[in-house]
Chemist: 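This is the structure I want to talk about, given as structure tokens.
Residue numbers start from 1 in every chain, and the chains themselves are labelled A, B, ... in the order their sequence lines are given, proteins ahead of strands.
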2 protein chains.
Amino acid sequence: MGKKEFEITNNIRTLRFFAGEMTQQQLAEKTNASRQTIIAIEAGKYSPSLDLAFRIAHAFGKPIGEVFEYKKTEE
Amino acid sequence: MGKKEFEITNNIRTLRFFAGEMTQQQLAEKTNASRQTIIAIEAGKYSPSLDLAFRIAHAFGKPIGEVFEYKKTEE
DNA sequence: ACATAATGTTAAGTCTATTGTACATCGTGA
DNA sequence: TCACGATGTACAATAGACTTAACATTATGT
């Protein structure tokens, strides 16, 4: 039971930076999620529901595909 | 308490049609999900995980934003 | 009429995302 | 030094996604 062929990555950290150092706390409020959830997702501990993924993308004014990416695992 | 301001819609039915009448069963197999899950999502009973959403988009060869849309609820 | 394929429904159980709470660390400024 | 804001971790509890299994409906082909 091996590795998965695809993995989901995100650019939340970068996007927070370019959004004027938006805080995890602020992102949590904007997306109506808890701070712990934002931390876990940003760190890649698990991937969000589609609903939350859209709310996060919306908070940054970006299409969802620019915040989360689905690609073949390498290495 | 009240209606949600945004809702998630999907174009799965249309995409199955344009994919040569792809069956729900076939889509389930391609995405490694159960048939019931595909039915429920296509019918909008609940929204999928981001992971499954990506797998569905991948099955159609479309970007995720073309399969699922996030928009203001009207009416 | 009979069989079959596709779709839909329901129920019980499992797994994972999400939450609230609490505490710990680190860097900055007074 | 002390206080504070931002980040991170751990844990128990809840909610929702997902599964398997069983059965019902509809349309199509023979």
Chemist: When the distance from CZ of F54(A) to C1' of dA17(C) is rounded to whole Å, what number comes out?
Modeler: 17 Å
Chemist: How is D51(A) classified with respect to the nucleic acid when contacts are heavy atoms under 4.0 Å: base, sugar-phosphate, or nothing?
Modeler: nothing
Chemist: Between R16(B) and E42(B), is the closest basic N to carboxylate O distance under 4.0 Å?
Modeler: yes
Chemist: Is there a donor and acceptor pair closer than 3.5 Å between the side chain of R35(A) and the base of dG8(D)?
Modeler: yes
Chemist: For dG8(D), does either OP1 or OP2 sit under 4.0 Å from a side-chain N or O belonging to K45(A)?
Modeler: no
Chemist: Could you tell me whether the phosphate oxygens of dT7(C), OP1 or OP2, come under 4.0 Å of any side-chain nitrogen or oxygen in R16(B)?
Modeler: yes
Chemist: Whole-Å distance between dA6(C) C1' and I12(B) CD1?
Modeler: 16 Å
Chemist: Measuring to OP1 and OP2 of dC18(D), would you say a side-chain N or O of T37(B) lies under 4.0 angstrom away?
Modeler: no
Chemist: Establish, with yes or no, whether the OP1 or OP2 oxygen of dA5(C) is under 4.0 angstrom from a side-chain nitrogen or oxygen of T23(B).
Modeler: no
Chemist: Side-chain donor or acceptor of Q36(A) under 3.5 Å from a matching atom on the base of dT21(C)?
Modeler: yes
Chemist: Using atom OH of Y46(B) as one end and atom P of dT9(C) as the other, report the distance to the nearest whole Å.
Modeler: 12 Å
Chemist: Checking the side chain of N10(A) only, and the main-chain atoms of I41(A) only, is there a donor and an acceptor separated by less than 3.5 Å?
Modeler: yes
Chemist: Nearest-Å distance, CD (E21(B)) to C1' (dA5(C))?
Modeler: 13 Å
